[in-house]
2 protein chains.
Amino acid sequence: MLENTLKSKSGVAHSSIAIQAVEGSVDMQPHSIKVACSNCNLRELCMPLGLTPAELDRIDDVVASRRKVKRGATLFRNGEKFTSLYAIRTGFFKTCVASEDGRDQVTGFQMAGEIVGLDGIVNDHHTCDAVALEDAEVCVMPFDRVEELSREVNSLQRHVHKIMSREIVRENGVMLLLGSMRAEERLAAFLLNLVQRLHARGFSQSELILRMTREEIGSYLGLKLETVSRTFSKFVEEGIVEVKQRHVRILSTDALKDIVNPKVCN
Amino acid sequence: MLENTLKSKSGVAHSSIAIQAVEGSVDMQPHSIKVACSNCNLRELCMPLGLTPAELDRIDDVVASRRKVKRGATLFRNGEKFTSLYAIRTGFFKTCVASEDGRDQVTGFQMAGEIVGLDGIVNDHHTCDAVALEDAEVCVMPFDRVEELSREVNSLQRHVHKIMSREIVRENGVMLLLGSMRAEERLAAFLLNLVQRLHARGFSQSELILRMTREEIGSYLGLKLETVSRTFSKFVEEGIVEVKQRHVRILSTDALKDIVNPKVCN
DNA sequence: CGCCGCATTGACGTTCGTCAAGTCTAGTGG
DNA sequence: CCACTAGACTTGACGAACGTCAATGCGGCG
């Protein structure tokens, strides 16, 4: 079932699998199409905390349906009409923008519990592509419904604002990375960020499986794929990580942090 | 009065001056401290269009006060408590983030009618600095008031969402620039963007005064100040622009566009 | 007038991109 | 089951673009 052949005991596992397993034990109906945030185990990631039961009930209405996206397929494309935000339930996405002359840039990688589609609000059309890097499922949240409900449920309103602000802050961080870091620093920051987000979802702090190619990592980090590959090799030589294709084991988180933020002395 | 010594007839003028002039003719009370969006000539830039008179009346309540910021002073700083968004009335700002080891990165330049402070929403604290690059004045919009009002005025709610989405899309564009463009392309894109925004405010399409140093431009574009300077010189040699210190005249917008987006053939 | 910050320019070095060859792995079909 | 292939990855040699360091110029302000 999918490509996860790695020891899931260590916490390194395909996010989809872990989540589906949990879901399976909560919702015993095997092919339930019932959509409900209120008993979704990702709620704490994509929905506000501290809702009253009454509010929780209403929140269920933001999700209209679910949608499956096959690996390699797009959830939405640049130019398409914007109607909904999407909360990722399972799987892994990249978002990328393209310049007119064909160059493109990966602007982010998104995993379970994260929201994509915010770019479409301003012009009613999407300005980037969202591509599934593995088979995925998303919750479709029609934006007019989100707006309607967030007028009534204060904590949802606040939550929507926070999600958008978080994305702005994240992008600020990426700009810092792209504007002022060298290749090693970029890759180290990238790995630390990925593993931290995976850890927040219950996975290992030290092992991860990359769902993207070297070229996609490079695009995100403003590097060529060869440079990404060389930098991985350098980290391996230095004993900081083990790399076997897309399986990465971090041997020294501290060393990575040190690369990102060189200590002045000691 | 300020440092604007350039022919304002050509449309190249200090934004503050032009705006104050207009305001002076609308609001005859010389030192009015009354704050009102409803008769602010920047309304179309920072407020939603198509409001009913009743809505317009309510909208006036989002602005609590105005605040002057001297050149070089900060409107807010990384770490400070977030309370308000700020609409720039006059002047010019930069926002910048810093990494722990001291490097910093300019994340944007903001001019009249633009909103700053969105970064603070997610954690109730600002994550960047906003520094005035010339004497400035902003409208202070307490965020809880914005949220309250946008629950009642749909078009304000929609507007707030659009502003945040616009910022996300803008940053996507900067990521593309930082991740995949060469120095000349970055500077050309930067100039085109600046002049386009100034033009939208009634200034010249071909002349502008840079409010920031070469180093700040470089920080924004992920280049060193020497590279910025050299690239300017190159454009001058090629007859694309005239540069005299911070005064820039664009001689061929098409040439700049061509640099950003190289045509394949013809 | 002289100082100071900003900008320009040159010489040189480093980092990363380019091009190319070769390896590994997973998937396919005989 | 194995050979074949295609795509992803690695590695090396070389060059271009940009950074670094340093000298100099320019303009505004006290």
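Everything quoted here is computed from the prediction, not taken from an experiment. Each chain gets a letter, A, B and so on, in the order the sequences are listed, and its residues count up from 1.
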(request) Please list, by residue number, the residues of residues 93-107 of chain B whose heavy atoms come closer than 4.0 Å to an atom of DNA chain C; answer none if no residue qualifies. (result) none
(request) Tell me, please, which residues at least two apart from B:His199 pass side-chain hydrogen bond (donor to acceptor under 3.5 Å, both in side chains). (result) B:Gln205
(message) Would you say the rings of A:Phe109 and A:Tyr220 are close, in the sense that their centroids are separated by under 6.0 Å?
(response) yes
(message) Just the rounded figure in Å: distance from C1' of C:dT18 to CZ of B:Arg182.
(response) 13 Å
(message) Using a 6.0 Å cut-off, check whether atom CZ of A:Arg246 has over 12 heavy atoms from anything other than its own residue.
(response) yes
(message) Once side-chain hydrogen bond (donor to acceptor under 3.5 Å, both in side chains) is applied, do any residues pair with B:Arg67, and if so which ones, sequence neighbours excluded?
(response) none
(request) Mind grabbing the angle between the end helix axes of the helix from C:dC1-D:dG30 to C:dG30-D:dC1? Five pairs an end, 10° rounding. (result) 30°
(request) Output all residues satisfying salt bridge (charged side-chain N to carboxylate O under 4.0 Å, His left out) with A:Glu80, sequence neighbours left out; order by chain, then residue number. (result) none
(request) Please name all residues satisfying side chain to side chain contact (heavy atoms under 4.5 Å, CB included) with B:Glu215, sequence neighbours left out, ordered by chain then number. (result) B:Thr213, B:Leu225
Report all interatomic pairs (protein N or O, nucleotide N or O of nucleotides 2-11 of chain C) with separations under 3.5 Å.
unit_1	atom_1	unit_2	atom_2	d
C:dA7	OP1	B:Arg246	NE	3.3
C:dA7	OP2	B:Arg214	N	2.8
C:dT8	OP1	B:Arg214	NH2	3.2
C:dT8	OP2	B:Arg214	NE	2.8
C:dT8	OP2	B:Ser229	OG	2.7
C:dT8	O5'	B:Ser229	OG	3.1
C:dT9	OP2	B:Ser233	OG	2.5
C:dG10	N7	B:Arg230	NH1	2.9
C:dG10	O6	B:Arg230	NH2	3.2
C:dA11	N6	B:Arg230	NH2	3.4

(message) Going by the rule side-chain hydrogen bond (donor to acceptor under 3.5 Å, both in side chains), which residues pair with B:Thr95 if we only count those two or more places apart in sequence or in a different chain?
(response) B:Thr107, B:Gln110
(message) With heavy atoms of chain A within less than 4.0 Å as the criterion, where does contact along DNA chain D begin and end?
(response) D:dA8 to D:dA13
(request) Enter the distance from B:Glu137:CD to B:Leu75:CG here, rounded to the nearest 0.5 Å. (result) 12.0 Å
(request) Name the nucleic acid region contacted by A:Gly222, choosing base, sugar-phosphate or nothing; use a 4.0 angstrom heavy-atom cut-off, strictly under. (result) sugar-phosphate
(request) Could you note down all residue pairs passing side-chain hydrogen bond (donor to acceptor under 3.5 Å, both in side chains) where residues 173-198 of chain B supplies at least one of them, sequence neighbours left out? (result) A:Arg103-B:Glu185, B:Glu114-B:Arg197, B:Glu184-B:Lys234, B:Asn193-B:Arg197
(request) State which residues pass side chain to side chain contact (heavy atoms under 4.5 Å, CB included) with A:Cys96; sequence neighbours excluded, sorted by chain then number. (result) A:Lys94, A:Asp104, A:Val106, A:Asp129
(request) Evaluate the side chain to side chain contact (heavy atoms under 4.5 Å, CB included) criterion for residues B:Ile168 and A:Glu167: first the C-alpha distance (whole Å), next the side-chain angles of each, then the deciding distance (0.1 Å), finally the verdict. (result) CA-CA 7 Å; B:Ile168 290 170; A:Glu167 178 65 6; 3.7 Å; yes
(request) Inspect the contact between A:Glu134 and A:Arg71 and indicate whether a charged nitrogen and a carboxylate oxygen are less than 4.0 angstrom apart. (result) no
(request) Nearest whole angstrom, please: distance from the C1' of C:dT25 to the NE2 of A:His247. (result) 16 Å
Output a table of donor-acceptor pairs, distance under 3.5 Å, between side-chain atoms of residues 250-257 of chain B and any protein atom two or more places apart or on a different chain; print 'none' if there are none.
unit_1	atom_1	unit_2	atom_2	d
B:Ser252	OG	B:Ala255	N	2.9

